[in-house]
Amino acid sequence: MHKVLLVLFSALLSAPVLAQKEPREYPWERTVKRIEADEAKAARSKKAEQQREDDTKKPEKKTDAENKKDK
């Protein structure tokens, strides 16, 4: 009888402890998050690169227009 009560008591105590654990993160979930982060980073760097290219092209166009006016 004591052993049965001990087993039941221990099972009742461990149930809330198990319920409070954080959900397990599987390796493929981490991989998906990493891929999404890499894609977002690539998109940001691509936008920044395009802006830099646009910034470098604009002054060239202005100087070409001034050269044409001078001729």
Side-chain angles (χ1 to χ4, degrees):
M1 181 74 175
H2 292 290
K3 290 182 181 179
V4 172
L5 288 176
L6 181 64
V7 170
L8 289 175
F9 185 69
S10 64
L12 289 174
L13 285 178
S14 64
V17 172
L18 292 175
Q20 292 176 355
K21 284 187 177 179
E22 293 182 22
R24 177 178 259 171
E25 185 178 34
Y26 295 101
W28 59 84
E29 290 175 336
R30 280 186 240 142
T31 305
V32 168
K33 287 179 183 178
R34 193 175 304 133
I35 290 170
E36 289 173 349
D38 289 344
E39 288 174 350
K41 184 189 269 186
R44 284 193 304 266
S45 66
K46 187 175 182 179
K47 285 181 184 178
E49 185 177 320
Q50 286 176 348
Q51 286 178 347
R52 276 187 252 130
E53 287 177 2
D54 291 343
D55 291 344
T56 56
K57 289 180 182 178
K58 286 179 183 176
E60 292 174 2
K61 290 180 181 177
K62 289 180 182 177
T63 55
D64 289 341
E66 290 174 1
N67 288 340
K68 287 180 183 178
K69 286 181 183 178
D70 291 337
K71 290 182 180 181

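Ser10 approaches Val7 most closely through the heavy-atom pair OG-O, 2.9 Å.
Identified under the side chain to side chain donor-acceptor pair (under 3.5 Å) test for residues 32-48, with sequence neighbours left out: Glu25-Lys33.
Residue Tyr26 belongs to a hydrophobic cluster whose other members are Trp28, with links defined by side-chain heavy atoms closer than 4.5 Å.
Under the rule for a side-chain contact (heavy atoms from CB on, under 4.5 Å), Leu5 has no partner lying at least two apart in sequence or in another chain.
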